[in-house]
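A quick write-up on the structure given underneath.
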Amino acid sequence: MASSTPPTLSTAKPYQNHHIHHPHPHRRTHNGHTSLHPPPPRNPTTTKPPNPIPTTVAAAPHHRNPNFTPLSSSKSELAADFSGRRSTRFVSKMHFGRPKAGGSVRHSVSAEEALQQLIRASGDDRLVENVLHSFQLKLCGSDDYNFLLRELGNRNEWSMAIQCFEFAVNRERRRTEQGKLASSVISVLGRLGKVELAKKVFETAVSEGYGNTVYAYSALISAYAKSGLCDDAIKLFETMKLSGLKPNLVTYNALIDACGKGGADFKRASDIFDDMLSNGFQPDRITYNSLLAVCSGGGLWETAMNLFNEMCYRGIEPDIYTYNTLLDAASSGGHMDSAFQIMAEMTAKNVMPNEVTYSTVIRGCAKSGRLDQALSLVSEMKYANIRLDRVSYNNLLAIYASLGRFDEALNVVKEMENTGFRKDVVTYNALLDGFGKQGRYDKVKELFNRMKNERVPPNLLTYSTLISVYLKGGLYQEATEMYKEFKHEGLKADVVFYSEIIDTLCKKGFVESSALLLDEMTKKGIQPNVVTYNSIINAFGQSGETSLSVDDKREIVRLGNGDKKVDNRNEDRIIKVFEQLASGHLNIGEKGSKEIICVLGVFRKMHELEIKPNVVTFSAILNACSRCSSFEEASLLLEELRLFDNQVYGVAHGLLMGHRENVWVHALSLFDEVKRMDSATASAFYNALTDMLWHFGQKRGAQMVVLEGKRRQVWENTWSDSCLDLHLMSSGAARAMVHAWLLNICSIVYEGHELPGLLSILTGWGKHSKVVGDCALKRAIEALLGSMGSPFRVATSNIGRFISPGPMVTAWMRDSNTPKLLVLEDDRAYPQTSKLQPIIL
DNA sequence: CTAGGGTTAG
């Protein structure tokens, strides 16, 4: 493979993503409606956390401010490709059957009586028919029937609702009344997740001539939304326009809602928003709330904030939904400081936090490791007399279980049961996962049995959890049993189910088997996604005895390309693989050389399948680069990857080559994009990039990257004059950072200032080690500090901390050799720049 | 027409 070889990928336009020069990439016009300037530019170098609270809420409500763009395009495409959604699956977020409150009392007393009798007749179609007949004359018009439909829906009586609808519509002559009934039942079915039935009703209604209304269309769009079927919703919307119907505000809102629930890119939602504006509709609170939900689903915290400010600017008062959605965007992105600010703000504005608010923020705290804050929020919640509901309890016990704090988890379960909530499948899954991760297989088996005894049926997630727990623990017999039971129950595997198994097999070194499963899932019509591929790419970047042999890698690429000869239609490869594992007949890939062409093959395959790589892919690739046998191989790999995405790989390649002066401006734009992402995503990016640079001796480049990350607050609270916190950093990033920090200390000393009494460097346990006590980061830092002859020593009280008295550091700094040791250089620089030029901090 | 929960990559 030579770098001069043209890419075999004809469709890939080299440098196609080269949009980083545009001074205003966001600006555009839309259908002649000249829009607006981007929101006031934020200074990317600001060190202050962004203030989510609008500074000016003054303003004329419906007055268009020409300086304010609907955020719509305030986002370039990189982040969309690269942000890495929290989940690649959305259906799990569906909460069907949320009751709909009735509006004004327009129905008659008879309707209430009819409802009672219907409920009693539930399950018996003839009885239901009789009740309907007996009330036929007493019920007046669509108001009464709509009441019935809605209430039946609230009781999950969808079948009766359909029966009731058919009864009513057959006895109604007026088209408009028939249309109202249809919209009503479509909406009811949609809320219950019966989208196919809703569609059937809609189609019948259209063909019978009473369904061609904006209400029926909106109701079905909303039904699609609730099932996450964003594409169908948009298609229906187009059909509606073609048939000459004009959408109204509710239609637009439902459509934007569909984008959020269906996990669409923000771009799609903002296009709809623009379309809505250009058709003369003013967005209302629900429009903004729905748009905010799109942001929170897509991890777009800054966009969410801009939207929030924009809606305030337009004079739309945020309500509890607005705040809770905004909090979700902040919390899920790890911006907990902002989340607390928002909570304080909403209280001050008298929008009181409720159980949704709390469970959102508590979850965010737990996710970002702020356990204390999570628990104190629970107390605060109880103190404020907000009762924990099912979600809050499950949330809380999952936090304990995931930390292995089982007594506390089980106490929460008790409290939950005392409050009147039975354990549900979510409760059990959390407990199983927690015990499983700690290797408490006895408890896992016991819990699983209890679950069945209590008639809580295990679901896909239960089995998926159990199978991977057993696989990870090497209990292959049990894993096989679970899989057989799973199939016996008639449950359907999905992409997550396969991905988890594939990942586990890769991590254990059974790469050939995971390639078999990759092939099988595709044959079953389950498309692998970016997560599936990232697991595989990660296997290339992993070190140690489980790394792949060349044959393994070839196997992956071959299977990935779909040229599998064997056709075994009815064979279940999962069982085959598990049984082989159980009998010990599978080989672990031997430690072998790194064949970079294989990584490239997998990457190409992703491209062919139109699976967008994200920042985790990038990290995985960079880790693979770091394991290349030579600098040349790594640079070749990046060179090739530039053909897919020059912005990302061009920067990585340029920095690796030492083309710093030319590349840095591009790097800064890339960092700007990364800054839009949630903190975990952003830090992973910086960690991977720095690691690779450090690995190949481009240490000054690594240091520049790390300082840029620090400036942008990628790692929270990284340093002060007395303490350097490295616990969120990879080992390359951490080492580059140690140099930078010590240089800063050095300049303090040489400026004649006194150092603090005690200086410390925190490594924690090392973020990248899932093994407690592994301390890879700590060891790397220990070696570095030792090699420089520094006075830092491991603290006796905390082995993840290095300390030194200030005066000893001062003395060390005054040693004429020390400053030289601290300055980093690149091994390669093109063009050769003057060496030993100290970094300006 | 609008808010929070459990699974996969790092």
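Numbered from 1 within each chain, the chains take letters A, B, ... in sequence-line order. Only this structure's heavy atoms are used, side chains among them; waters, hydrogens and symmetry mates stay out.
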Start with the C-alpha distance between A/Phe685 and A/Thr681, add both sets of side-chain angles, then the distance that settles side-chain contact (heavy atoms from CB on, under 4.5 Å), and finish with yes or no.
CA-CA 6 Å; A/Phe685 174 93; A/Thr681 303; over 6 Å; no

Name the nucleic acid region contacted by [X], choosing base, sugar-phosphate or nothing; use a 4.0 angstrom heavy-atom cut-off, strictly under.
| X | value |
| --- | --- |
| A/Asn395 | nothing |
| A/Asn248 | nothing |
| A/Asp389 | base |
| A/Ser222 | sugar-phosphate |
| A/Asp691 | nothing |
| A/Arg285 | nothing |
| A/Ser619 | nothing |
| A/Thr357 | nothing |
| A/Val425 | base |

Quick one: sort the A/Tyr483 and A/Phe497 rings into parallel, tilted or perpendicular, breaks at 30° and 60°.
tilted

Measure from [atom1] on [X] to [atom2] on [N] and round the result to the nearest Å.
| X | N | atom1 | atom2 | result |
| --- | --- | --- | --- | --- |
| A/Met336 | B/dG4 | CE | C1' | 13 Å |
| A/Glu500 | B/dT8 | CD | P | 6 Å |
| A/Tyr358 | B/dG4 | OH | P | 18 Å |
| A/Ile537 | B/dA9 | CD1 | P | 15 Å |
| A/Tyr252 | B/dC1 | OH | P | 18 Å |
| A/Lys367 | B/dG6 | NZ | P | 10 Å |
| A/Tyr288 | B/dT2 | OH | P | 18 Å |
| A/Ile342 | B/dG4 | CD1 | P | 15 Å |

Is a side-chain donor-acceptor pair under 3.5 Å present for A/Thr322 with A/Asp319?
yes

Minimum-distance nucleotide to A/Asp257 side chain [options: B/dA9, B/dC1, B/dG4]:
B/dC1

Check every atom of B/dC1, B/dA3, B/dG4 against the side chain of A/Ser187 and return the nucleotide holding the closest atom.
B/dC1

Any [X] side-chain nitrogen or oxygen under 4.0 Å from OP1 or OP2 of [N]:
| X | N | result |
| --- | --- | --- |
| A/Lys261 | B/dA3 | yes |
| A/Lys226 | B/dT2 | yes |
| A/Lys507 | B/dG10 | yes |
| A/Arg191 | B/dC1 | yes |

Let's test your reading of the model: under 3.5 Å, does the base of [N] pair with the side chain of [X] as donor and acceptor?
| X | N | value |
| --- | --- | --- |
| A/Thr462 | B/dG6 | no |
| A/Asn529 | B/dA9 | no |
| A/Asp319 | B/dA3 | no |
| A/Ser499 | B/dT8 | yes |
| A/Ser359 | B/dG4 | yes |

Rounded at 0.5 Å granularity, tell me how far CD1 in A/Ile256 sits from CG in A/Leu291.
4.5 Å

Checking A/Leu388 against A/Phe421 for the side-chain contact (heavy atoms from CB on, under 4.5 Å) test, could you report, in this order, the C-alpha distance in whole Å, the side-chain angles of both residues, the deciding distance, and whether it holds?
CA-CA 10 Å; A/Leu388 278 76; A/Phe421 299 106; over 6 Å; no

Test item: A/Asn538 side-chain N/O and A/Asn534 main-chain N/O as donor-acceptor pair under 3.5 Å
yes

Testing A/Tyr252, A/Tyr288, A/Phe281, A/Phe266 one by one against A/Phe273 for a ring-ring contact (aromatic ring centres under 6.0 Å, His included), which residue passes?
A/Tyr288

